[in-house]
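I have placed the structure first, in the form of structure tokens, so that the comments after it can refer back to it.
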Amino acid sequence: MIQRIQSVYLLLAGLVLLWLGLTPGPWHLLESAPYAWVGPVARGLAVLLAIGAVVIIFQYRRLERQRTLVVFEQVGVLLMAVVYLGGLYLGGMLGVRSEHGILWDRVLWIGLPVLAYLLLWLARRGIERDIALIRSMDRLR
């Protein structure tokens, strides 16, 4: 289970999503905005998706199902990113530049959903490689 690279990618994606959901990042920026509901919804989605990414690791015996669950996880991360970034945009907090330069903390918080999606994509690619390897071994038998 752990020797497979996709397990590492899924674990890292879960940690990134958990970090996004549990740390007090840009959520305080949206509390006074009329779109204050976006913060709790995005945080809840991030935590649920983090738990889902860790649960998917233990589906290693059924690769087809694991691949399907990773695809659903990717769709969930895209949905969470749309809610999160849309809320920041509607609240006027999406800008990363100020008169003092680039706000690197906002760049980090904007990049976390993208990083989680990329890690899930790498995990799916590893799962598909395993499926192809198993099919080629079945042809040789």
Side-chain angles (χ1 to χ4, degrees), residues 1-140:
M1 168 181 79
I2 228 39
Q3 69 270 15
R4 296 170 51 225
I5 191 68
Q6 57 264 32
S7 299
V8 174
Y9 290 143
L10 286 168
L11 183 65
L12 288 174
L15 289 174
V16 167
L17 289 168
L18 198 62
W19 184 25
L20 183 65
L22 294 181
T23 55
W27 312 112
H28 68 281
L29 299 173
L30 294 173
E31 289 175 357
S32 62
Y35 305 101
W37 60 270
V38 171
V41 169
R43 284 181 92 165
L45 278 172
V47 170
L48 284 175
L49 290 169
I51 293 168
V54 173
V55 167
I56 291 172
I57 294 173
F58 298 104
Q59 297 291 323
Y60 63 93
R61 291 188 190 256
R62 293 185 265 170
L63 290 175
E64 296 288 338
R65 183 175 187 172
Q66 190 180 33
R67 180 177 58 182
T68 303
L69 290 173
V70 168
V71 168
F72 284 134
E73 186 85 10
Q74 284 180 304
V75 170
V77 167
L78 286 177
L79 175 69
M80 189 254 332
V82 166
V83 169
Y84 169 62
L85 296 175
L88 287 178
Y89 175 75
L90 292 174
M93 311 298 175
L94 195 58
V96 294
R97 287 190 176 192
S98 71
E99 59 273 355
H100 303 293
I102 296 175
L103 302 171
W104 289 107
D105 58 337
R106 287 194 189 174
V107 171
L108 172 76
W109 289 108
I110 290 170
L112 283 178
V114 175
L115 178 63
Y117 185 83
L118 287 176
L119 288 168
L120 288 170
W121 176 74
L122 288 170
R124 189 178 81 193
R125 201 173 79 177
I127 293 167
E128 289 171 352
R129 209 175 297 145
D130 279 356
I131 290 171
L133 180 65
I134 289 172
R135 284 186 182 152
S136 71
M137 294 302 288
D138 286 342
R139 279 190 299 239
L140 290 176

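This one's a predicted model, so the numbers in the text were calculated from it and none came from an experiment.
- With sequence neighbours excluded, the residues that form a side chain to side chain contact (heavy atoms under 4.5 Å, CB included) with Val114 are Leu118.
- Here salt bridge (charged side-chain N to carboxylate O under 4.0 Å, His left out) pairs that include residues 65-94, with residues two or more places apart or in two chains, are Glu64-Arg67.
- Expressed to the nearest 0.5 Å, how far CD1 of Ile56 lies from CG of Leu11 amounts to 12.5 Å.
- Listed by first and then second residue, the salt bridge (charged side-chain N to carboxylate O under 4.0 Å, His left out) pairs involving residues 15-24 amount to none (not counting sequence neighbours).
- Identified under the salt bridge (charged side-chain N to carboxylate O under 4.0 Å, His left out) test for residues 119-128, with sequence neighbours left out: Arg124-Glu128.
- To the nearest 0.5 Å, atom CD1 of residue Ile131 and atom CD of residue Gln66 are 8.5 Å apart.
- Residues Ile57 and Gln6 have side chains not in contact (no heavy-atom distance under 4.5 Å, counting atoms from C-beta outward).
- In this structure, the side chains of Tyr84 and Trp109 come closer than 4.5 Å at one or more pairs of heavy atoms.
- When side chains are defined from C-beta on, Tyr60 does not count as touching Ser7, because their heavy atoms never get closer than 4.5 Å.
- Within the structure, the salt bridge (charged side-chain N to carboxylate O under 4.0 Å, His left out) test picks out no pair touching residues 74-94 (sequence neighbours left out).
- Here Leu63 contributes atom CG and Arg4 contributes atom CZ; the two are 5.5 Å apart, rounded to the nearest 0.5 Å.
- Once rounded to the nearest 0.5 Å, the distance linking CG of Leu15 with CG of Leu119 reads 9.5 Å.
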Original post:
Taking it one step at a time, do Leu17 and Met80 satisfy side-chain contact (heavy atoms from CB on, under 4.5 Å)?
Top reply: CA-CA 10 Å; Leu17 289 168; Met80 189 254 332; 3.7 Å; yes
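- Residues passing the side chain to side chain contact (heavy atoms under 4.5 Å, CB included) test with Leu78, sequence neighbours excluded: Tyr117.
- The side-chain heavy atoms of Trp19 and Leu115, taken from C-beta on, include no pair separated by under 4.5 Å.
- A distance of 11.5 Å separates CD of Gln74 from CG of Leu49, quoted to the nearest 0.5 Å.
- Rounding to the nearest 0.5 Å places CG of Leu10 at 10.5 Å from CZ of Phe58.
- Between Leu69 and Gln59, the closest heavy-atom pair is CD1-CG, 3.9 Å.
- Although no hydrogens or angles enter the test, the distance criterion places a donor-acceptor pair under 3.5 Å between the side chain of Ser136 and the main chain of Leu133.
- Counting all heavy atoms, side chain and backbone alike, Leu120 lies closest to Val70 at O-CG1, 3.6 Å.
- Scanning for side chain to side chain contact (heavy atoms under 4.5 Å, CB included) contacts around Val82 gives an empty result, with sequence neighbours left out.
- Residues meeting the side chain to side chain contact (heavy atoms under 4.5 Å, CB included) test with Ile110, sequence neighbours left out: Leu85, Leu94, Val96.
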